[in-house]
Amino acid sequence: MTSTAMRTHLCGQLRPTDVGERVRLCGWVASRREHGEHLAFVDLRDHSGVTQCVVDGSVDVRNEWVLRIEGTVRTRPADKENAEIPTGAVELADCTVEVLNRADPPPFAVDDRTDSDEAVRLKYRYVDMRRPRMQANLRLRARVLGAMRRAMDRQGFAEIETPLLWTPTPEGAREFVVPSRLHRGECYVLPQSPQIAKQLLMVSGFDRYFQIARCLRDEDLRADRQFEFTQLDVEMSFASDVDVQAAVTEAVVDATEAAVGDRPGTVGRITWHEAMDRYGTDKPDLRFGLDLVDLGPVFAGTEVKAFQAGCVKGFGVPGGAALGRNRLDALVDRAKALGAKGLAWFKVAGADGAVVLESPLDKFLSDDERAGLVAGTGTGPGDLILVVADEWRTVCTVLGAVRLELGRIPVGEGERRFCWVTEFPMFDGLDEAGNPVAAHHPFTMPHPDDLALMASDPLQVRSQAYDLVLNGWELGSGSVRIHREDIQRQVFDALGITPEEAELRFGFLLGAFRYGAPPHAGFAVGVDRLVAILCGEENIREVIAFPKTQSGTDPMTGAPKAVAPHALRDLGLQLIPRTD
RNA sequence: GACGCGUUAGCUCAGCGGGAGAGCACCGGAUUGUCGAUCCGGGAGUCACGGGUUCGAAUCCCGUACGCGUCGCCA
């Protein structure tokens, strides 16, 4: 698998068992150490590692030149072994060096010891990817994709491609527009996801579909977001949420094992409401505690104005009493920035059962409240208690952010805790017109127990939408889809979408549904995020071969660029100069 | 669109109101066991760009560009 007509071994392969063999290696010069006319060392590197080659004479080579070296494997002299590298017990002797290609000095060193500015790395991405870190990341990504594909295949899913040139579907993410040459003035768009196409495949009878699909969204970029990203896209007919979750779990667990060697533990389940209540977020990081607790009963009849609110929650921070005033002030500022009126803190002090709290608010507390606060948060001397009072949603969100601030574990450390978050709300607040805003897409099936609330109290309606979360990152989402026209109409009604409007936007899908739509459900896993976490990278650009910068440019190619005037003419387009 | 941080040699960075610096890389020389080899020598700069303050600006102020992070946005 490694030998070719040009080489017999890889540079990281040779061991003492190979001693005596005449071998040929190909690779790049990682370093060269000359000792005069009679001795020189050349470290030859490929993706597998480095081999030291001993040249009896001087060699005219430079870093990153491409060489083929033929030599005989021998054990290194006593005391000259290099324990730092896997090939360190041997070296290549009696070498003949063939220069396959010279190279300019690289713009930065091809190693993991220093990290260049990302713009420079992206400009010379082909050099950057020669570094062990990028080689490891992209090869791990390849193993993840392979394992996912095998897992889906094994479970009987058919891989089907869907169009990249799709039709505009207003709403949702901003779409990349592709002007049509043959139909002047009209456009395709690049798909935000294969969502509608895969639902059509269900109508066609492909009861288990998957695709490793590229999705494109013209929205602002982030550490965990690129214009184009890769999803493991899945849809199943005659199946419910638990079936989809089981199939996807299989794929991500296999992928994790293929990537890092061990299978993650049980994938937990938690409802959206419980996730918000306990962790203050819909994508909880389960690797650490600091669970939020309800302090409502403690302050039920309180005199403390700040705690007279619909919801009072908090949590204890073990050892947190050591936090300095600056740090606490920063936390209070953060809480206020997130919409809380404040963040109350109490340092637990004292001993022998006597509860002593240090806090600006302490003098307003009753003895019962002091005791209840400490008991409720399970804290003791040396710990810190943080409390927020407001309406439930604000309390949870603010405490969730503070919890992360205090407990967050770097992405590359600790265990991997997958978790399904279920029963998301159907709607997410109201828009300017007073209509509820769909939290997922409008084909998401409401929770069967909440159908009666659709007209009367839509914001209380739960949906059959679910997310997969790993260590505080949203890995993907999915739902049971609506396959019945009457329920679809109810949802459109609730969203304020008229039948005419629905026909205009999704007519072809609704039409297809009249020809025998099976019950179906699906999911999509964000592959870039999963791979980033498995690589221990905070940023998905580190697991993408040719990513864009935060402003959507490619420093290597210079894209985006103006196109030639004749290209615009062919499309019937004219540029409007910027006026700002 | 908003806020924050950054931009000094090919790369990583120090310098923060008065001489443009270091390590690595690069070029030349020395060197028979190095492994980020070592030693000697050398070349290398629009201090991102524009404006302002000042006797004097890499340094202080304003603006712009670019990069990164966060918010908005991502049904």
Side-chain angles (χ1 to χ4, degrees), chain A residues 30-45 50-58 62-64 74 76-85 87-89 91 93 103-124 127-128 131 169-175 192-193 195-196 215-227 229 334 337-339 401 405 424 426-429 431 435-444 463 465 474 477 479 491-492 495 497 505-506 526 538-539 541 547-553 555 580:
Chain A
S31 101
R32 153 197 62 118
R33 300 175 290 279
E34 280 207 75
H35 290 262
E37 296 170 22
H38 304 293
L39 177 66
F41 299 96
V42 174
D43 286 347
L44 199 64
R45 179 195 63 234
V50 168
T51 296
Q52 170 167 290
C53 305
V54 186
V55 179
D56 301 316
S58 67
R62 296 289 184 274
N63 284 346
E64 302 311 319
R74 74 176 181 202
R76 293 198 187 186
D79 304 344
K80 304 302 184 203
E81 296 191 351
N82 185 350
E84 305 290 311
I85 56 174
T87 61
E91 63 189 6
D104 289 347
F108 46 83
V110 182
D111 60 47
D112 289 342
R113 282 189 294 270
T114 55
D115 213 4
S116 296
D117 183 79
E118 206 181 341
V120 179
R121 292 176 53 203
L122 291 183
K123 180 169 181 185
Y124 303 96
V127 174
D128 186 42
R131 298 160 66 225
T169 52
E171 268 207 85
R174 191 179 293 114
E175 296 163 321
Q192 316 166 26
S193 80
Q195 180 62 39
I196 292 177
C215 307
L216 299 110
R217 297 179 187 175
D218 189 3
E219 298 288 353
D220 287 5
L221 285 58
R222 286 281 191 288
D224 61 353
R225 267 161 39 193
Q226 283 272 303
F227 282 153
F229 55 99
R334 177 111 173 91
L338 288 163
E405 199 115 328
F424 269 67
M426 188 79 188
F427 304 104
D428 208 14
D431 65 13
N435 292 315
V437 180
H440 206 56
H441 57 68
F443 317 116
T444 300
S463 71
E474 181 195 325
S477 57
S479 64
V491 171
F492 282 154
L495 290 169
I497 300 176
R505 283 192 208 165
F506 316 113
E538 305 274 356
N539 190 312
R541 290 189 300 270
K548 303 283 187 292
T549 66
Q550 197 172 62
S551 67
T553 63
D580 49 332

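Here is how names work: the chains are called A, B, and so on, in the same order as the sequence lines, proteins then strands, and each is numbered from 1.
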Write down the distance separating the C1' atoms in G17(B) and C68(B), rounded off to the nearest Å. 30 Å

Regarding Thr444(A), tell me which of base, sugar-phosphate or nothing describes its non-hydrogen contacts under 4.0 Å with the strands shown. nothing

Hey, is the side chain of Arg62(A) poking within less than 4.0 Å of OP1 or OP2 on C27(B), counting only N and O atoms? yes

How many Å lie between CG on Asn63(A) and P on G36(B), as a whole number? 13 Å

Nearest-angstrom distance, C1' atom, A48(B) to U59(B): 15 Å

One thing to verify: whether Glu219(A) and Arg225(A) come together as a salt bridge, which I'm taking to mean a side-chain N less than 4.0 angstrom from a carboxylate O. no

With heavy atoms under 4.0 Å as the rule, sort Arg45(A) into base, sugar-phosphate or nothing. nothing

Which part of the nucleic acid, if any, lies within contact of Asp117(A), taking any heavy atom under 4.0 Å across all strands shown: a base, the sugar-phosphate backbone alone, or nothing? sugar-phosphate

Sugar-phosphate, base or nothing in reach of Ala109(A), heavy atoms under 4.0 Å: nothing

Touch class at under 4.0 angstrom, heavy-atom based, for Glu91(A) against every strand present: base

Rounded distance in Å between the P positions of G45(B) and G51(B): 23 Å

note: Met426(A), atom CE; A75(B), atom P; distance rounded to Å ~ 15 Å

Give me the distance, rounded to whole Å, that separates A58(B) from C26(B) when you measure between the P atoms they each carry. 31 Å

Between Ser551(A) and G67(B), is there a side-chain N or O to OP1/OP2 distance below 4.0 Å? yes

Sticking with atom C1', work out how far C13(B) lies from G6(B), rounded to a whole angstrom. 13 Å

What contact category does Asp115(A) fall into here, base, sugar-phosphate, or nothing, at under 4.0 angstrom with non-hydrogen atoms? sugar-phosphate

Is the base of C11(B) stacked against the aromatic ring of Phe108(A), taking ring centres under 5.5 Å apart and planes under 30° as the test? no

Considering every strand and a 4.0 Å limit on heavy-atom distances, what is the contact class for Gln52(A): base, sugar-phosphate, or nothing? base

Tell me: CG of Asp104(A) to C1' of A25(B), nearest whole Å? 13 Å

C35(B) OP1/OP2 closer than 4.0 Å to side-chain N/O of Arg76(A): no

Measure the CG-CD distance between Leu221(A) and Gln226(A) for me, rounded to the nearest 0.5 Å. 5.0 Å

Counting the atoms with a prime plus P, OP1 and OP2 as sugar-phosphate, which does Pro442(A) contact under 4.0 Å by heavy atoms, base, sugar-phosphate, or nothing? base

Measuring only the C1' atom in each nucleotide, how far is C5(B) from G42(B)? A whole number of Å is fine. 38 Å

C39(B) pairs with which nucleotide, Watson-Crick or G-U wobble, both distances below 3.5 Å? G29(B)

Could you tell me the separation between the CG atom of Leu44(A) and the P atom of U34(B), rounded to a whole number of Å? 21 Å

Please state whether the rings of Phe506(A) and Phe492(A) are parallel, tilted or perpendicular, taking 30° and 60° as the class boundaries. parallel

Counting the atoms with a prime plus P, OP1 and OP2 as sugar-phosphate, which does Asp79(A) contact under 4.0 Å by heavy atoms, base, sugar-phosphate, or nothing? nothing

Arg76(A) side-chain N/O to Glu81(A) backbone N/O, donor-acceptor pair under 3.5 Å: no

Name the closest nucleotide to the Leu39(A) side chain, picking from C74(B), U70(B), U32(B). U32(B)

One thing to verify: whether Arg33(A) and Asp43(A) come together as a salt bridge, which I'm taking to mean a side-chain N less than 4.0 angstrom from a carboxylate O. yes

Hey, which sits more toward the 5' end of RNA chain B by its nearest nucleotide, His35(A) or Val120(A)? Val120(A)

Whole-Å distance separating the CD1 atom of Ile85(A) from the P atom of A37(B): 12 Å

State which of G67(B), C73(B), G10(B) makes the closest approach to the side chain of Asp220(A). C73(B)

Any base atoms under 4.0 Å from Glu34(A), or only sugar-phosphate, or nothing? Heavy atoms, all strands. base

Sugar-phosphate, base or nothing in reach of Gln195(A), heavy atoms under 4.0 Å: nothing

With rounding to whole Å, what would you report as the distance between U8(B) and G15(B) at their P atoms? 14 Å

With sugar-phosphate meaning primed atoms plus P, OP1 and OP2, does Ala439(A) contact a base, only sugar-phosphate, or nothing at under 4.0 Å between heavy atoms? sugar-phosphate

Please work out if Arg225(A) contacts a base, only the sugar-phosphate, or nothing of the nucleic acid, heavy-atom cut-off 4.0 Å. base

dist Arg131(A):CZ -> Asp115(A):CG (nearest 0.5 Å) comes out at 5.0 Å

Rounded at 0.5 Å granularity, tell me how far CG in Leu495(A) sits from CZ in Phe427(A). 5.0 Å

C71(B) -> Watson-Crick or G-U wobble partner, both distances under 3.5 Å, gives G1(B)

Separation of atom CD in Gln550(A) from atom P in U70(B), rounded to whole Å: 7 Å

Any donor-acceptor N/O pair under 3.5 Å between G72(B) base and Arg222(A) side chain: yes

Does Arg541(A) reach a base, just sugar-phosphate, or nothing at all? Heavy atoms under 4.0 Å. sugar-phosphate

